[in-house]
Amino acid sequence: MKEKITELTCIMCPVGCNLLVKQNENGISVTGNSCPRGHDYGIKEVTSPERIVTSVLKYKTGTITVKTSSTISKSLVDSCLRSLASIKLKDNIKPGDKIVENILNTNVDIIVTSVNE
């Protein structure tokens, strides 16, 4: 396996360390991190990146904002957003309400974060 080098900015804290992640036949190494969270982030980002998804949906005469209750695979973000565009919303939605359970069979729910009528 040819060595693959990826440069990342860590997002685990406000410091924003510049990471250098090297993948080769011996495994994965991370440098540039100032804490263990940066090391773990670098490995996760090159092996199976995940994201929290946030979106705005039309609701009555205004909008609601929503987010996933946990991270989902980065490869599912577009499908998640397409699914959200087609859901029918109930009346009397408030922050904290679960509007979709187990989106895309990920065991992750979609939660309302704000309502702007």
Side-chain angles (χ1 to χ4, degrees):
M1 169 186 189
K2 184 179 176 187
E3 184 171 69
K4 180 179 177 187
I5 299 174
T6 306
E7 294 181 35
L8 301 168
T9 300
C10 182
I11 60 170
M12 298 309 294
C13 78
V15 173
C17 294
N18 293 314
L19 307 179
L20 193 62
V21 183
K22 295 180 183 179
Q23 298 172 271
N24 58 39
E25 63 278 349
N26 297 323
I28 300 173
S29 67
V30 179
T31 57
N33 54 299
S34 58
C35 72
R37 291 184 300 165
H39 177 269
D40 296 344
Y41 171 78
I43 291 173
K44 182 82 170 163
E45 191 63 16
V46 299
T47 58
S48 60
E50 295 182 337
R51 298 291 185 266
I52 295 253
V53 177
T54 61
S55 186
V56 177
L57 305 175
K58 291 181 183 179
Y59 178 65
K60 295 182 180 179
T61 59
T63 59
I64 64 169
T65 58
V66 299
K67 71 173 200 154
T68 52
S69 60
S70 183
T71 57
I72 64 170
S73 171
K74 186 177 175 183
S75 65
L76 294 175
V77 169
D78 287 343
S79 296
C80 178
L81 292 171
R82 280 193 297 279
S83 294
L84 288 176
S86 66
I87 66 168
K88 298 199 186 316
L89 298 169
K90 303 180 295 186
D91 285 338
N92 302 317
I93 291 176
K94 60 188 180 309
D97 285 354
K98 186 185 311 183
I99 60 168
V100 179
E101 284 189 37
N102 191 23
I103 187 114
L104 304 174
N105 296 314
T106 59
N107 293 319
V108 173
D109 302 324
I110 302 296
I111 308 295
V112 176
T113 56
S114 70
V115 178
N116 306 297
E117 294 185 66

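- Residues K60 and D91 meet the side-chain proximity criterion, which asks for heavy atoms closer than 4.5 Å.
- Between the CD1 atom of I110 and the NZ atom of K67 there is a distance of 10.5 Å, given to the nearest 0.5 Å.
- Residues L20 and I5 meet the side-chain proximity criterion, which asks for heavy atoms closer than 4.5 Å.
- Within 6.0 Å of atom NZ in K74, 12 or fewer heavy atoms from other residues, nucleotides or ligands are found, so the atom counts as exposed in its surroundings.
- Panel note: side chain S55, backbone V66; no donor-acceptor pair is recorded below 3.5 Å.
- Side-chain contact between E45 and V21 is absent, with no heavy atoms from C-beta onward closer than 4.5 Å.
- Cluster membership check: V115 shares its hydrophobic cluster with L89, using side-chain heavy-atom separations under 4.5 Å among Ile, Leu, Val, Met, Phe, Trp and Tyr.
- The shortest heavy-atom contact between R37 and C13 is NH2-CB, 3.4 Å.
- Taking CD1 of I72 as the start and CG of L104 as the end, the distance is 6.5 Å to the nearest 0.5 Å.
- The shortest distance between side-chain heavy atoms of N18 and T9 falls below 4.5 Å.
- Note that the CD1 atom of I28 and the NZ atom of K44 stand 11.5 Å from one another [nearest 0.5 Å].
- I11 and V30 end up in the same hydrophobic cluster when Ile, Leu, Val, Met, Phe, Trp and Tyr side chains are linked at under 4.5 Å.
- Atoms CD and NZ, on E3 and K22 in that order, are 5.5 Å from each other to the nearest 0.5 Å.
- Scanning both residues, S83 and S86, for their nearest heavy atoms gives O-OG, 3.0 Å.
- With hydrogens and angles disregarded, a donor-acceptor distance shorter than 3.5 Å links the side chain of Y59 to the backbone of I93.
- If you chain together hydrophobic residues whose side chains sit under 4.5 Å apart, I103 and V56 never meet in one group.
- Rounding to the nearest 0.5 angstrom, the gap separating the CG atom in L19 from the OG1 atom in T31 is 8.0 Å.
- Of all heavy-atom pairs spanning S34 and C17, the tightest one is OG-SG, 3.1 Å.
- Judged purely by atom type and a 3.5 angstrom limit, N102 uses its side chain to pair as donor or acceptor with the backbone of N107.
- In this structure, S114 OG and I64 CD1 are separated by 8.0 Å, a value rounded to the nearest 0.5 Å.
- Closest heavy-atom contact between D109 and E101: OD1-CA, 3.2 Å.
- In the hydrophobic clustering of ILVMFWY residues, with side-chain heavy atoms under 4.5 Å counting as a link, I87 and L76 come out together.
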Is there a side-chain contact (heavy atoms from CB on, under 4.5 Å) between I111 and K98? Walk through the geometry before answering. CA-CA 5 Å; I111 308 295; K98 186 185 311 183; 4.0 Å; yes

When you look at D97 and K94, which way does the salt bridge (Lys or Arg N to Asp or Glu O under 4.0 Å) test go after all the steps? CA-CA 6 Å; D97 285 354; K94 60 188 180 309; 3.1 Å; yes

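- Both L81 and L57 are members of a single hydrophobic cluster when ILVMFWY side chains are connected at heavy-atom separations under 4.5 Å.
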